[in-house]
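Remarks on the structure that follows.
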Amino acid sequence: MGKKQKCPECERCLPGWLAAFGDLMSLLLCFFVLLLSMSSMDAKKISEAIGSLSGAMSVLEGGTKTEISKQRIQESTPIEAKDETSEAVNRVAQAVIDANEMMEKGHGPAISVEEAQEGFVIELPASLLFKSGSATIENEDAILFLKRVALIVEELPNTMQVSVQGHTDNQGPGKSSVFKDNWELSSARAISVLQELLLDGVDPKRISAAGFAEYKPLATNVTKAGREKNRRVELHFYGSKSDQEKKIKSSILDKAKSK
């Protein structure tokens, strides 16, 4: 009889796949620990979630029943408006880029758009719209840009208002101008832009105009470049307060007066 062969001894170390699996589980554990450490725990929301499960499924005891409050609805509204405003700013910014390329203005101020606290602002240099001392829009490319802005305004929420603001430098309209001072010139230029937007379909209830003469400069009036920057028309887009917010504000003022 042949000799019986001995069974080979098993390897003492773990199989390779098991080591890789263990490393993977360790990485996943670290990942979820990091997620938990970066998350914010809102005790009120957790309590409301437990209360909703208790009321709907009758599984959990205790807890607070959830309630949709007006305060929570009002808190979520600005977030939606901010998203819509950001999308509008992106569309306006693209329109500004297209207009600047079309007008091929290589020197001096160009059309610009900036986000503001309650919306955004489009800045139109007066040299792109008007001749010196005039309030008549003569640049066809600028008119096309205003038509494009009007289309964007129509797609914005009805609470979004437009304020057209005219500004000048401190030099005055000039002897050949029909306007006697910068107040008349800045107001007339703002109204000209407003009328163009009205012709392009903007709701009159959502737009207004004002002239500020030379009293809100962006740069110094000492240099020519500074004066050119100060001669401008701005389109301010901002959200109007709802009627309910106005009533709340007025009631607070009434209470303050009664004390």
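What you see below is based on every heavy atom in this structure, not just the backbone, and it leaves out hydrogens, waters and symmetry mates. Predicted, not measured: the structure shown is a model, and the values here were computed from it.
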How long is the gap from CG on Leu129 to CG on Leu146, to the nearest 0.5 Å? 6.5 Å

Where is the tightest heavy-atom contact between Phe179 and Gly133, given as atom of each residue plus distance? CD1-O, 3.6 Å

Run through Leu197, Thr159, Val153 and flag the one making a side chain to side chain contact (heavy atoms under 4.5 Å, CB included) with Arg206. Val153

Could you measure the distance from the NZ atom of Lys131 to the CG atom of Asn139? Nearest 0.5 Å is fine. 11.0 Å

Main-chain N/O of Lys180 paired to Glu184 side chain as donor or acceptor, under 3.5 Å: yes

Which one of Lys229, Arg231, Arg227 satisfies the side chain to side chain donor-acceptor pair (under 3.5 Å) criterion with Asp169? Arg231

Starting from Val113, can I reach Leu218 by hopping between I/L/V/M/F/W/Y residues whose side chains sit under 4.5 Å apart? no

In terms of hydrophobic clustering (I, L, V, M, F, W, Y; side-chain heavy atoms under 4.5 Å; direct or indirect links), are Ile191 and Val162 co-clustered? no

Do Leu185 and Trp183 belong to the same hydrophobic cluster, where Ile, Leu, Val, Met, Phe, Trp and Tyr are linked whenever their side-chain heavy atoms lie under 4.5 Å apart, directly or via other members? no

Between the CG atom in Leu194 and the CD atom in Gln165, the distance rounded to the nearest 0.5 Å is 12.0 Å

Please give me the minimum heavy-atom distance between Ile137 and Phe130, naming the atom from each residue. CG1-CE2, 3.5 Å

Could you report the tightest heavy-atom contact between Lys147 and Asp200, atom names first, then the distance? NZ-OD1, 2.9 Å

Side-chain heavy atoms nearer than 4.5 Å, only ILVMFWY residues, links allowed to pass through others: does that put Leu151 and Leu156 together? no

Please name the pair of heavy atoms, one in Ser186 and one in Thr168, separated by the smallest distance, quoted to 0.1 Å. CB-CG2, 3.8 Å

According to a 4.5 Å side-chain heavy-atom criterion applied to Ile, Leu, Val, Met, Phe, Trp and Tyr, with indirect links allowed, do Tyr238 and Val149 form part of one hydrophobic cluster? no

